[in-house]
Amino acid sequence: MPDRSTPPSRLSSELSNWYRANARDLPWRRRQFHDEYGAWGTLVSEFMLQQTPVSRVIPHLEAWLRRWPTPASMSRATPAEVVQQWANLGYPRRALWLHRAAIEITDRHRGEVPRDVDALLALSGIGDYTARAVAAFAYGDRHPVVDTNTRRVLARVLDGRSQPGPASRRDLVTMAALLPQADADSAVFNAAAMELGAVVCTARSPRCERCPVVDVCAWVAAGRPDTGDERRRQARYEGSDRQARGAVLKVLRDAAGGDVPADAVIPDWPDAGQRDRAIDSLIADGLVEAAEGCLRLPR
DNA sequence: CACCCGTGGAA
DNA sequence: TTTCCAAGGGT
């Protein structure tokens with residue numbers, strides 16, 4: 001196990017300085033965004049950013065928040081409305097979880113997005129990353145925020161590996177040890193590590209010549225070895241159950257939440273058994289509703 | 001911990 | 001064309 005107990009000094013300050021000068025101008029980093037939507041805006045953006053690229057989130061985020069500017073307003077929507085507004089952002093269960101979280105916030109927290117990490121963790125669809133991202137970026141509190149970008153940066157700079165291993169609680173401990181003492185500074189450093197991983201220390205062809213911490217990077221010092229990728233490969237999508245589910249849901253979204261005869265939903269799917277399993281699993285997930293021989297988004 | 005869950009752009 | 005990967009989380 002790599003030793004992370006003695007990280008290179010000044011890593012935090014160098015990264016933070018680089019971030020202050022080079023951060024991308026993203027919607028959720030703007031003062032006006034926070035003024036208008038508060039922690040709810042941060043929470044929604046983080047939900048959308050779970051496994052969906054920044055460039056695809058941006059055009060959806062504004063429309064979403066204009067329609068549902070508060071948790072209470074979204075709590076009054078139907079699942080069908082939410083899943084349809086989610087459109088093609090992917091992993092539609094996240095839309096359901098976000099909806100559920102809005103209801104939980106309305107019921108348990110008087111419509112205010114909680115600031116406490118444990119309270120955030122108790123909400124649907126919120127895990128270690130999102131809970132701390134909201135606490136740090138919306139409320140400015142000092143917590144280790146570790147996403148896939150940060151894990152890759154830590155793996156390279158500290159461990160000299162080309163790619164991070166599976167996500168682990170150990171990454172939280174490592175990041176916590178690197179945080180500057182001041183709350184505001186620690187929020188910046190969290191964002192800086194993510195930003196470096198997103199634009200410089202990328203998974204493929206990293207731009208080390210533009211890296212502000214290249215001189216303290218263990219991976220560069222070791223000659224940028226390919227240490228192999230410990231992560232399990234993403235399953236093939238073509239022909240998968242996920243593809244079938246996606247096709248079913250697209251038909252129902254395109255029907256604008258209206259009823260669609262069950263036998264008119266992807267009738268020519270190559271594998272009829274797979275199609276039926278997909279529909280059943282979507283119903284089990286609460287993403288589809290069956291009624292009178294028809295399928296529809298749940299009302 | 002391993003596996004599952006969408007979608008689309010880039011290499 | 002195929003593969004990779006993207007501000008993860010639930011089970």
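Letters go in sequence order (proteins before strands), and every chain restarts at 1. Predicted model only: the values in this text are computed from it and were never measured.
When the shell of 6.0 Å around CD of A/Glu36 is examined, it contains more than 12 heavy atoms from other residues, nucleotides or ligands.
For the segment residues 191-203 of chain A, no residue has any heavy atom less than 4.0 angstrom from an atom of DNA chain B.
Between B/dG6 and C/dC4, the two C1' atoms lie 15 Å apart (nearest whole Å). To the nearest whole angstrom, the two C1' atoms, one in C/dT1 and one in B/dG8, are 16 Å apart. Distance check on atom P: B/dA11 versus C/dA7 gives 14 Å, rounded to whole Å.
Within the 4.0 angstrom heavy-atom criterion, no nucleotide atom of any strand lies near A/Arg132. Residue contacts shown for A/Trp86 are absent, as no nucleic acid heavy atom lies under 4.0 Å away.
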Enumerate donor-acceptor pairs with a distance under 3.5 Å from any side-chain N or O in residues 176-185 of chain A to protein atoms, sequence neighbours excluded.
none

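Screening A/Met48, A/Arg93, A/Glu81, A/His99 for a side chain to side chain contact (heavy atoms under 4.5 Å, CB included) with A/Trp86, the sole residue that qualifies is A/Met48.
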Starting at the 5' end of nucleotides 3-11 of chain B, put B wherever the base has a protein heavy atom under 4.0 Å, S where only the sugar-phosphate does, and a dash everywhere else.
SSBBBS---
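Here chain A contacts DNA chain C (any atom closer than 4.0 Å to a heavy atom, that is under 4.0 Å), and the contacts span C/dT3 to C/dG10 from 5' to 3'.
With 3.5 Å as the limit, one finds no donor-acceptor pair spanning the side chains of A/Arg66 and A/Tyr37. Side chains of A/Tyr129 and A/Glu46: a donor on one and an acceptor on the other come within 3.5 Å. Side-chain contact, A/Gln163 with A/Thr227: no donor N or O sits under 3.5 Å from an acceptor N or O.
Take the nearest nucleotide of DNA chain C for A/Leu121 and for A/Val54: the residue whose nucleotide is more 5' is A/Val54. For A/Gly125 and A/Leu26, each mapped to the nucleotide of DNA chain C holding its nearest heavy atom, the one lying further toward the 5' end belongs to A/Leu26.
Hydrophobic cluster membership for A/Ile283: A/Val83, A/Leu96, A/Val248, A/Leu249, A/Val251, A/Leu252, A/Val260, A/Val265, A/Ile266, A/Trp269, A/Ile279, A/Leu282, A/Leu287, A/Val288, A/Leu295, A/Leu297 (Ile, Leu, Val, Met, Phe, Trp, Tyr linked by side-chain heavy atoms under 4.5 Å, directly or transitively).
Partners of A/Pro114 under the side-chain contact (heavy atoms from CB on, under 4.5 Å) rule, at least two apart in sequence or in another chain, are A/Ile105, A/His109, A/Ala119, A/Leu120, A/Leu123.
For the pair A/Ala87 and A/His60, the tightest heavy-atom approach, listed with the atom from each and the gap, is CB-CE1, 3.7 Å.
A distance of 6.0 Å or more separates the ring centres of A/Trp40 and A/Trp68.
At a threshold of 4.0 Å, the pair A/Asp271-A/Arg275 does not count as salt-bridged, since none of the basic side-chain nitrogens sits closer than that to a carboxylate oxygen.
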